[in-house]
Chemist: 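Pasting a structure here, questions to come.
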Amino acid sequence: MLAKRIIPCLDIKDGRTVKGVNFVDLRDAGDPVELAEIYSREGADELVFLDISATEQKRKTLADLVFRVAEKVNIPFTVGGGISSVEDVDVLLQNGADKVSINSSAVKNPQLINDLVAKFGSQCIVVAIDAKQIEGKWVVHLVGGKVPTELDLFAWAKEVEKRGAGEILFTSMDNDGTKDGFANAALARLSTELNIPIIASGGAGNMQHFTDTFIKGKADAALAASVFHFKEIKIKDLKEELQENKIPVRI
Amino acid sequence: MIKIVNYGSGNIQAILNIYKQLNIECFVASTPEELSDSTKLILPGVGAFDETMQELLDSGFQTELDRLVLEKKIPVMGICVGMQILAKSSDEGKLSGLGYVDGHVKKFDSLFFEEKPHIPHLGWNSINPTKEHPIFENIDFERGFYFLHTYYFSCTSIENRLASTYYGLEYSSAVNNDNVFGMQFHPEKSHSNGVQLFKNFANL
């Protein structure tokens with residue numbers, strides 16, 4: 001049976017992981033390659049690298065990192081953060097990324113999705129959507145959730161699918177950082193209304209939250225950062241619990 | 001030595017990386033001439049059926065592949081689209097496939113599913129071997145492999161099915177005909193199982 005995926009997300013700045021990472025067995029806590037290897041050994045199904053650096057060297061540094069990750073890690077990984085052109089994507093895929101994720105650039109220029117899909121295929125184009133509720137409506141936001149747009153989450157998600165995206169990574173800004181669980185009602189609606197896989201993000205605090213997002217949220221995959229980085233949840237334990245709850249996972 | 005046929009398809013580097021980790025010699029062949037001293041062949045796969053076949057035709061790879069695979073019986077392993085082009089034809093395109101394994105490539109039909117499926121078939125799934133074969137030595141079938149595809153291989157003869165996987169229907173996720181192997185999943189992205197499979201292929 002197709003397994004539900006568990007995806008740790010690593011924030012990257014200037015080629016190094018940011019957010020304190022609490023791994024005693026790491027020689028260099030800031031080295032994304034070493035961390036990626038550990039996660040892959042512990043049973044992560046995929047990895048996401050989100051580049052938050054804003055320097056001019058950014059592209060080259062990120063491409064180098066992608067190359068080094070691909071050398072060592074034999075599971076699929078996605079790279080996102082500031083990707084805004086066909087050339088950007090080409091460089092990352094050439095260096096060994098399996099997928100790229102685009103966010104603000106897709107909202108500003110939706111045609112970019114079509115262009116990327118035509119050139120590289122749906123399978124490697126993930127569109128990330130950040131949204132939060134304003135007066136009961138899910139509104140798409142930009143710049144890490146700071147700037148509201150006029151787009152409705154569900155309408156935008158459908159447009160993204162129609163333009164050929166292979167997957168949607170939905171982050172609820174209302175849930176992100178709360179550790180209160182994922183936005184399961186919105187996720188379930190996305191999952192039911194769309195025909196492409198949905199990755200749940202934002203709100204993971206304990207193992208029950210993952211069970212809930214797979215059952216109530218009908219998510220295909222769940223992404224989290226701090227609960228994994230700070231070892232609050234071990235991927236191995238999480239998968240065992242999910243299996244006990246009759247959720248198909250790769251163990 | 002093992003040669004990866006480079007017809008502009010992605011994921012070649014991932015395969016090279018694994019053979020490097022295994023300390024097994026593996027090279028990329030970008031012209032048909034570079035295939036001449038090969039003892040094993042890998043057809044990698046990311047892309048569309050017709051695009052891939054056209055590239056094989058234009059580059060002259062197909063003629064050389066026919067000679068090596070059909071006459072010299074060199075083991076060949078196709079991955080994902082590289083597996084699908086082993087078939088005779090595909091719903092995805094108009095061109096003929098290599099035809100090394102009798103079959104036709106079909107699209108997943110949502111009618112197969114009880115609940116509305118998400119297409120592509122994306123993620124980790126188990127495989128069920130239908131026969132014993134050295135290529136599956138020490139593989140954890142339950143743990144499975146990473147899949148990413150919208151079309152699947154439909155074998156004309158069940159004899160050519162090496163493993164099946166369930167996604168709406170039980171389809172052939174690995175095929176075999178004599179020296180020809182096809183894997184629908186991506187062993188180059190399937191962690192320890194993938195590494196083991198590449199090792200097994202090298203040892204055939």
Side-chain angles (χ1 to χ4, degrees), chain A residues 1-7 37 39-47 66-77 90 93-99 118-124 126 161 165-168 190-199 218-221 239 243 248-251, chain B residues 9-22 45-48 51-52 80-81 108 110 113 115-128 140 142-151 165-168 170 173 185-198:
Chain A
M1 215 175 158
L2 182 64
K4 299 288 188 182
R5 290 170 283 151
I6 301 296
I7 309 176
E37 274 186 284
Y39 279 136
S40 130
R41 248 196 330 266
E42 288 184 345
D45 296 305
E46 282 183 40
L47 297 167
V66 165
F67 187 82
R68 288 191 295 121
V69 170
E71 265 184 327
K72 299 276 182 171
V73 176
N74 306 327
I75 60 172
F77 67 97
D90 199 28
L93 296 179
Q94 292 281 350
N95 276 282
D98 297 288
K99 311 180 208 179
K119 177 120 174 71
F120 307 107
S122 285
Q123 79 287 340
C124 57
V126 179
E161 175 178 33
E167 256 179 303
I168 286 177
L190 284 173
S191 189
T192 311
E193 292 183 8
L194 273 67
N195 300 302
I196 54 176
I198 310 290
I199 305 166
K218 299 180 194 268
D220 297 278
K239 288 206 167 170
Q243 193 177 43
V249 284
R250 179 180 67 111
I251 286 192
Chain B
S9 170
N11 270 11
I12 288 177
Q13 193 57 46
I15 301 170
L16 286 174
N17 288 339
I18 289 179
Y19 276 121
K20 195 174 157 197
Q21 290 161 23
L22 285 168
V46 172
E51 199 182 296
T52 307
C80 202
V81 172
F108 281 113
S110 53
F113 298 82
E115 273 190 43
K116 198 180 81 163
H118 285 168
I119 307 283
H121 175 211
L122 187 169
W124 296 81
N125 208 330
S126 47
I127 69 166
N128 316 301
D140 183 338
E142 192 52 43
R143 195 166 158 81
F145 290 89
Y146 182 78
F147 288 80
L148 178 45
H149 63 120
T150 303
Y151 294 82
T165 289
Y166 184 79
Y167 194 61
E170 198 80 28
S173 50
F185 43 83
H186 287 277
E188 76 281 11
K189 286 290 157 186
S190 297
H191 204 239
S192 46
N193 263 348
V195 175
Q196 184 65 45
L197 191 87
F198 280 115

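Just so we're on the same page: letters track the sequence lines, and every chain starts at 1.
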Chemist: With rounding to the nearest 0.5 angstrom, report the CG to CD1 distance, B:L122 to A:I196.
Modeler: 10.5 Å
Chemist: Give me the atom names and distance for the closest heavy-atom approach of B:H191 to A:I75.
Modeler: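 Closest pair (atom of B:H191, atom of A:I75, distance): CB-CG2, 3.9 Å.
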Chemist: Which bit of A:L194 is near chain B, if near means a heavy-atom gap under 4.5 Å: side chain, backbone, both or neither?
Modeler: backbone
Chemist: Of all the residues in residues 142-150 of chain B, which have a heavy atom that comes within less than 4.5 Å of a heavy atom in chain A?
Modeler: B:R143, B:Y146, B:L148
Chemist: Heavy-atom distance under 4.5 Å to chain B: side chain of A:V249, backbone, both or neither?
Modeler: neither
Chemist: Please look at A:Q94 and chain B and tell me whether the side chain, the backbone, both or neither of the residue comes under 4.5 angstrom of a heavy atom of that chain.
Modeler: neither
Chemist: Any donor-acceptor pair under 3.5 Å linking the side chain of B:Q21 with the backbone of A:E71?
Modeler: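 Confirmed, B:Q21 side chain pairs with A:E71 backbone.
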Chemist: Given that the side chain runs from C-beta out, which part of A:K239 has a heavy atom under 4.5 Å from chain B: side chain, backbone, both or neither?
Modeler: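 Neither; nothing under 4.5 Å.
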Chemist: Given heavy-atom pairs under 4.5 angstrom as the criterion, report whether the side chain, backbone, both or neither of A:K4 touches chain B.
Modeler: neither
Chemist: Which atoms of A:S122 come close to chain B, meaning under 4.5 Å heavy atom to heavy atom: side chain ones, backbone ones, both, or neither?
Modeler: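 For A:S122, there is no contact with chain B at all, as no heavy atom is under 4.5 Å.
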Chemist: Check whether B:N17 reaches the backbone of A:A70 with its side chain - one donor and one acceptor, N or O, closer than 3.5 Å.
Modeler: yes
Chemist: Contact part of A:I251 toward chain B, heavy-atom cut-off under 4.5 Å: side chain, backbone, both or neither?
Modeler: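 Answer is backbone: N, CA, C or O of A:I251 sit under 4.5 Å from chain B.
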Chemist: Who are the side chain to side chain donor-acceptor pair (under 3.5 Å) partners of A:N95, not counting sequence neighbours?
Modeler: none
Chemist: Does any backbone or side-chain atom of B:S126 lie under 4.5 Å from a heavy atom of chain A? Answer side chain, backbone, both or neither.
Modeler: both
Chemist: Checking A:D98 now: which residues fulfil side chain to side chain contact (heavy atoms under 4.5 Å, CB included) with it, not counting sequence neighbours?
Modeler: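 A:D98: side chain to side chain contact (heavy atoms under 4.5 Å, CB included) contacts with A:P76, A:F77, B:N11, B:K189.
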Chemist: With sequence neighbours left out, write down each residue that passes side chain to side chain contact (heavy atoms under 4.5 Å, CB included) with A:L2, or none if nothing qualifies.
Modeler: B:H121, B:N125, B:Y167
Chemist: If you look at every heavy atom in A:P197 and B:H118, which pair is closest and at what distance?
Modeler: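 Where A:P197 meets B:H118 most closely, the heavy atoms are CA-ND1, 3.6 Å.
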